[in-house]
Amino acid sequence: MTLMDEKYDPKEIESRWQKKWEEWDLFRVEDDPARPKYYLLEMFPYPSGQIHMGHVRNYTIGDVVARYKRMRGFNVLHPMGWDAFGMPAENAAIANKTHPAKWTEANIDAMRAQLKRMGFSYDWNRELATCRPDYYRWEQWLFLKMYQNGMAYRKESFVNWCQDCQTVLANEQVEAGLCWRCGQQVRQKQLWQWFFKISDFAQDLLSYCDKLPGWPEKVITMQKNWIGKSVGAQINFAVEAHDEVIPVFTTRQDTVFGATFMCLAPEHPMVTKLSKGCAREKEVLQFVERIALQDRSARTVENYEKEGVFIGAHCLNPLSGRRIPIYTANFALMEYGTGAVMAVPAHDQRDFDFARQYGLDIVVVVKPDDSDLDGATMTEAYVGEGRMINSGQFDGMGNREALEEIASYLEKNNHGKRAVSFRLRDWGISRQRYWGAPIPMIHCEDCGIVPVPEEDLPVVLPEEVEMLAGGKSPLPELDDFVNVTCPQCGRKNARRETDTMDTFVESSWYFERYCSPQCNTSMFDREAVDYWMPVDQYIGGVEHAILHLLYSRYYTRVLHDQGLVKFKEPFTNLLTQGMVCKETVMCPEHGYLLPQEVDSRKENRVCSKCGKPVTVGRVEKMSKSKKNVIDPNILIDKYGADTTRFFCLFAAPPERDLEWSEQGVEGGYRFLNRIWRLAAGLMDEIKDVQAFQGHPDSLDDTIRPLFQKIHQTIYKVTRDIENRFHFNTAISAVMELFNTISGIAMQRDNSSHLAVMHLAIESLALLLAPIAPHFAEELWAALGHKSSVLLYPWPQYREDALEKDEVLIVIQVNGKLRSRFQVATGTDEETIKEMALSDERIQKFIDGQRVKKVIALKNKLVNIVV
RNA sequence: GCCCGGGUGGCGGAAUAGGUAGACGCAAGGGACUUAAAAUCCCUCGGUCCUUAGUGGCUGUGCCGGUUCAAUUCCGGCCCCGGGCACCA
């Protein structure tokens, strides 16, 4: 092997090793039931054309774990692919007059090259792209299965419509009334749509939240909130003079005696039915129309004014017997509960506001212990606990108790039943877009909806299309695509479904597909999935805490119910990494500036275009629009992939946000250089010496501390990576080891010194192998090894080297540090107690005072209480 | 409003079965090398006080209390920052 160059040249080293890895096919993985598997997965990217620092961080973290686990002897599956359907491809295609497929494939090529430059250890043989028919045909296949058992269904409903994206959005994809992708206001539109019945699994998804100990608490909480289980009762209200019963859902059946009116969602079928012929029918219908078409966002903003219209009918409170008016109100939602609310103004703020506005009765039925309430004078609803009043036989009971008692009473007397309600709605998966997986359905005038026969799959997305300006899907206009013969009755003019699937469907099973990506007889090879799944460690951004992660959990249950997989939860452990942030810089004339557009040579930073002083804004998530982005390419050119990786790992623990610092990157680069120079300077002498393998006792006092430090470092780095992925502290441990190495007064003619030094450099190479892999390979090769460092087992620490010969004992007086001394490790408490009490520096603190108590801890401290 | 996180030097961050607060790095200051600069190497670096500059005193982990021989760590109350949910009956 060649000796090391004087100079650390990352560019040369990195491309050389990347070529070698490829030649060796080092990252290829095979199923091997004889070996323990480890499935490490990072969230696959959308092929936008460029990887950004968020990807770099995410994939660096994953790569460290993959390489580490591999050195620990696991058979590691570490795949990469492309979440390749979606709107940006269509927009780009329209803007650049290309085709989404071409644009996407070109981006994939560019990004694959970038990822390779980072030195990530992916098994590229398993690469997949969700936009290819060999992938989505299986999604269509499962769709047919889901249709068969009612898991996929079509219904007409009001849906979230984004005008800019020209498509509908699932509830999960609407954030504060805005489109999750483009930020445009979402409107309500009535459409026929395909849905997945995720609500069937609401309880199961919720229950299993507590069976995911490897997930961050935060994500679990968010999912629980999203599923939103409420326990209460359904109560039936008979309508006066009609043969109708309106059921309501409530969590506060204890307040049923206080229900003085009822509110129906505007979309509730009873609204038009009961108002028919009444004096205010016209007013009711106008109201319904106005509210139904209103933005959902407008309906959910704070302080939104409550309004409603009396629909001209009454119903009977089954418990109080009271005759109560029925309103339709804007705050009642058709999709929740039964779409009907029993309004108890005394104990619900919303109902209270409504009652005050329309002059409705407020009857107090729960009395707080320390005061009296009067419906006529109260200023806000009382939602706390108390004693039941005005509630017939339940008077005097605690309201918590009444909750149970009234529920039982309802069931016994046939007025209702205990019930639960979930906030989670079914997943609307129809998208009126071109660049997605076609939904394999056919509309026939005679037969209705007819599934595409299995043998006709895949329904290939036609590529010979003209993209339409404005983002409208060209599919409905494509006669070749749309016009089909009905597979059921043979009728000629059936029409193919032109909606495509939400891209979150593709990302709900790609991790199974990676197990056997070339499988062309089913979604995946059963044996391969049984071997690899579930994913042992999943890593990605917290922004998918609900969307992707909930959909994937659901889809896995669907696969489970189809008997396709043995497990219900796809991801055993989840790490949500923090964002990559940087300060924003703004020029008064040119707005936000890219980092390279800022001239920082002078005292005050100025705009490089106009020379005006810039304003430095707050540290925010890197984003193109704010221009506070660092281009990974520039970074790799300047410092190399290893330094880039190094900084991403060192600057912060993975779950926390990372603040970008150019100087921090420099620091990492300097550190690698320091190791390089030290190793290069020693290589001649240590190369042909065996790494020290003897007992530490045989070492002299000069070199033994280094030997111990090596093992302490192995111990610390192993623990930090294994237990909590805290690479920042693992790296500081390696830095400490380096500092020790460079501080040792080694004798170059002492063979045991050289042997320990060989061990030290070897350890640096091994410990850095997951973190700075090219650098480590180079060191490793210089030490005389012929194969990859990745094939060498992770170093083991010696227990007997962890203990130091001497430990520092701290002496406190009344808990304050007063002195310290060295003592042989393991010296018993009595001895150190005596040593502490006789310590001369301690004398002045205890002199003349009574020693009340002395606490001594072996190898730690003595605390003297006076 | 409700539910999660999180507040530690000039900065990023260490240290939790309670036991030396500030590891490691960055920045800053001083010095060495150099004709000079860069690079590199060495030293100092929470605040404060000292007629004893010390293995010195006091103080210090958002604020106020408590438990304890001992609290960044545990308990109670409050303040601030970040995130999620929010007319869900």
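All chains are named by letter (A, B, ...) in the order of the sequence lines, taking the proteins before the strands, and each is independently numbered beginning at 1.
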*Do any N or O atoms from the side chain of A:N628 and from the backbone of A:K582 form a donor-acceptor pair under 3.5 angstrom?*
yes
_Between C1' of B:G18 and CG of A:L861, the distance in whole Å_ = 11 Å
*How far, in whole Å, is B:A15 from B:U8 if one measures between their C1' atoms?*
10 Å
*Taking for each residue the nucleotide of RNA chain B with the nearest heavy atom, is it A:G668 or A:G337 whose nucleotide lies nearer the 5' end?*
A:G668
Check residues 851-859 of chain A and write down every donor-acceptor pair under 3.5 Å in which the side-chain atom is one partner and the other belongs to a residue at least two apart or another chain.
| residue | atom | partner | partner atom | Å |
| --- | --- | --- | --- | --- |
| A:N859 | OD1 | A:G826 | N | 2.8 |

*Length of the CD1-P vector between A:I832 and B:U20, whole Å*: 14 Å
_Suppose you measure atom C1' in B:C58 against the same atom in B:C50; what distance do you get, rounded to whole Å?_
11 Å
*Return the value, rounded to whole Å, for the distance between atom CG of A:N225 and atom C1' of B:G1.*
14 Å
*When the ring planes of A:H544 and A:H548 are compared, do they come out parallel, tilted or perpendicular, using 30° and 60° as the limits?*
perpendicular
*Is the distance from OP1 or OP2 of B:A89 to the nearest side-chain N or O of A:S230 less than 4.0 Å?*
yes
*Can you list the residues that meet the side-chain hydrogen bond (donor to acceptor under 3.5 Å, both in side chains) rule with A:K224, with sequence neighbours excluded?*
A:D210
*In terms of side-chain heavy atoms of A:L808, which of B:C85, B:C69, B:U20 is nearest?*
B:U20
*Apply side chain to side chain contact (heavy atoms under 4.5 Å, CB included) to A:Q577 and list each qualifying residue two or more places apart in sequence or on a separate chain.*
A:R57, A:N58, A:I61, A:I539
_If you take the centroid of each ring, where Trp contributes its six-membered ring, are A:F775 and A:Y8 closer together than 6.0 Å?_
yes
_B:G62 and B:U73, which share atom name C1', separated by this distance in whole Å_ = 16 Å
*asked:* Please report the distance separating the P of B:C63 from the corresponding atom of B:U68, rounded so that it comes out in whole Å.
replied: 23 Å
*Nearest-angstrom distance, C1' atom, B:G9 to B:C26*: 13 Å
*For side chain to side chain donor-acceptor pair (under 3.5 Å), just list the numbers for A:Q203 and A:K229, CA-CA rounded to whole Å, side-chain angles, deciding distance to a tenth of an Å, and then say yes or no.*
CA-CA 8 Å; A:Q203 183 58 56; A:K229 181 180 182 177; 2.7 Å; yes
_Within the 4.5 Å heavy-atom criterion, are A:L206 and A:W226 side-chain neighbours or not?_
no
*Would you tell me if any nitrogen or oxygen in the side chain of A:K853 comes within less than 4.0 Å of OP1 or OP2 on B:C69?*
yes
*Assign each of A:V219 and A:F249 to its nearest nucleotide of RNA chain B by heavy atoms, then name whichever residue's nucleotide is nearer the 5' end.*
A:V219
*Go through the structure and list residues passing side-chain hydrogen bond (donor to acceptor under 3.5 Å, both in side chains) with A:E385, not counting sequence neighbours.*
A:R400
*Please tell me which of the listed nucleotides, B:C4, B:C69, B:A89, lies nearest to the side chain of A:V865?*
B:C69
*Give a yes/no answer on whether the side chain of A:K816 brings an N or O atom under 4.0 Å of OP1 or OP2 in B:U59.*
yes
*asked:* Categorize A:T250 for me: base, sugar-phosphate, or nothing, with a 4.0 angstrom heavy-atom threshold over every strand shown.
replied: sugar-phosphate
*In terms of side-chain heavy atoms of A:E736, which of B:A23, B:U20, B:A86 is nearest?*
B:A23
*Report the residues that fulfil side chain to side chain contact (heavy atoms under 4.5 Å, CB included) with A:Q708, sequence neighbours left out, ordered by chain and then residue number.*
A:R704, A:Q712, A:D805
Run the side-chain donor-acceptor check on residues 663-675 of chain A: report pairs under 3.5 Å with partners two or more places apart or on a different chain.
| residue | atom | partner | partner atom | Å |
| --- | --- | --- | --- | --- |
| A:E666 | OE2 | A:Y639 | OH | 3.1 |
| A:N673 | ND2 | A:Y669 | O | 3.0 |

*asked:* Could you check, using the six-membered ring where one of them is a Trp, whether A:Y358 and A:F261 have ring centers closer than 6.0 angstrom?
replied: no
*Looking at A:R423, does any N or O in its side chain come under 4.0 Å of the phosphate oxygens OP1/OP2 on B:A86?*
yes
*asked:* Rounding to an integer number of Å, can you tell me how far A:N859 CG sits from B:U20 C1'?
replied: 14 Å
*Reading nucleotides 70-75 of chain B from the 5' end, what letters show protein touch, with B for base, S for backbone sugar-phosphate only, - for no heavy atom under 4.0 Å?*
S-----
*Base, sugar-phosphate, or nothing for A:T251, non-hydrogen atoms under 4.0 angstrom?*
sugar-phosphate
*For the pair made of CG in A:L547 and P in B:G84, what is the distance, rounded to whole Å?*
12 Å
*Interatomic distance where CD belongs to A:E666 and P belongs to B:C24 [whole Å]*: 21 Å
Atom pairs and distances, side-chain donor-acceptor, residues 809-817 of chain A, under 3.5 Å, sequence neighbours left out:
| residue | atom | partner | partner atom | Å |
| --- | --- | --- | --- | --- |
| A:N814 | OD1 | A:V866 | N | 3.0 |

*Which pair of non-hydrogen atoms, one from A:M53 and one from A:V580, has the smallest distance, and what is that distance?*
O-CG2, 3.8 Å
*If the sugar-phosphate is the primed atoms plus P, OP1 and OP2 and the base is the rest, what is the B/S/- string for nucleotides 9-17 of chain B, using protein heavy atoms under 4.0 Å?*
---BSSS--
*Taking atom OG of A:S199 and atom CH2 of A:W427, what is their separation to the nearest 0.5 Å?*
13.0 Å
*Just how far, in rounded Å, is C1' of B:G83 from NE2 of A:H544?*
16 Å
*Looking only at atom C1', what distance separates B:U48 and B:A53, rounded to whole Å?*
14 Å
*By side-chain hydrogen bond (donor to acceptor under 3.5 Å, both in side chains), which residues pair with A:S230, not counting sequence neighbours?*
A:Y336
*Given atom NZ of A:K852 and atom C1' of B:U68, what is their separation to the nearest angstrom?*
13 Å
*Pick one for B:G9: is it syn, with its angle within 90° of 0, or anti?*
syn
*Give the stems involving RNA chain B, where a stem is 3 or more consecutive Watson-Crick or G-U wobble pairs (i with j, i+1 with j-1, and so on) under 3.5 Å.*
B:1-7 with B:79-85, B:10-12 with B:24-26, B:28-32 with B:40-44, B:46-49 with B:56-59, B:62-66 with B:74-78
*Separation between the P atoms of B:C42 and B:A27, rounded to whole Å*: 15 Å
*Using a cut-off of 4.0 Å on non-hydrogen atoms, how would the nucleic acid contact of A:V810 be classed: base, sugar-phosphate, or nothing?*
base
Filtered N/O pairs between nucleotides 40-48 of chain B and protein, under 3.5 Å:
| residue | atom | partner | partner atom | Å |
| --- | --- | --- | --- | --- |
| B:U40 | O3' | A:R677 | NH2 | 3.4 |

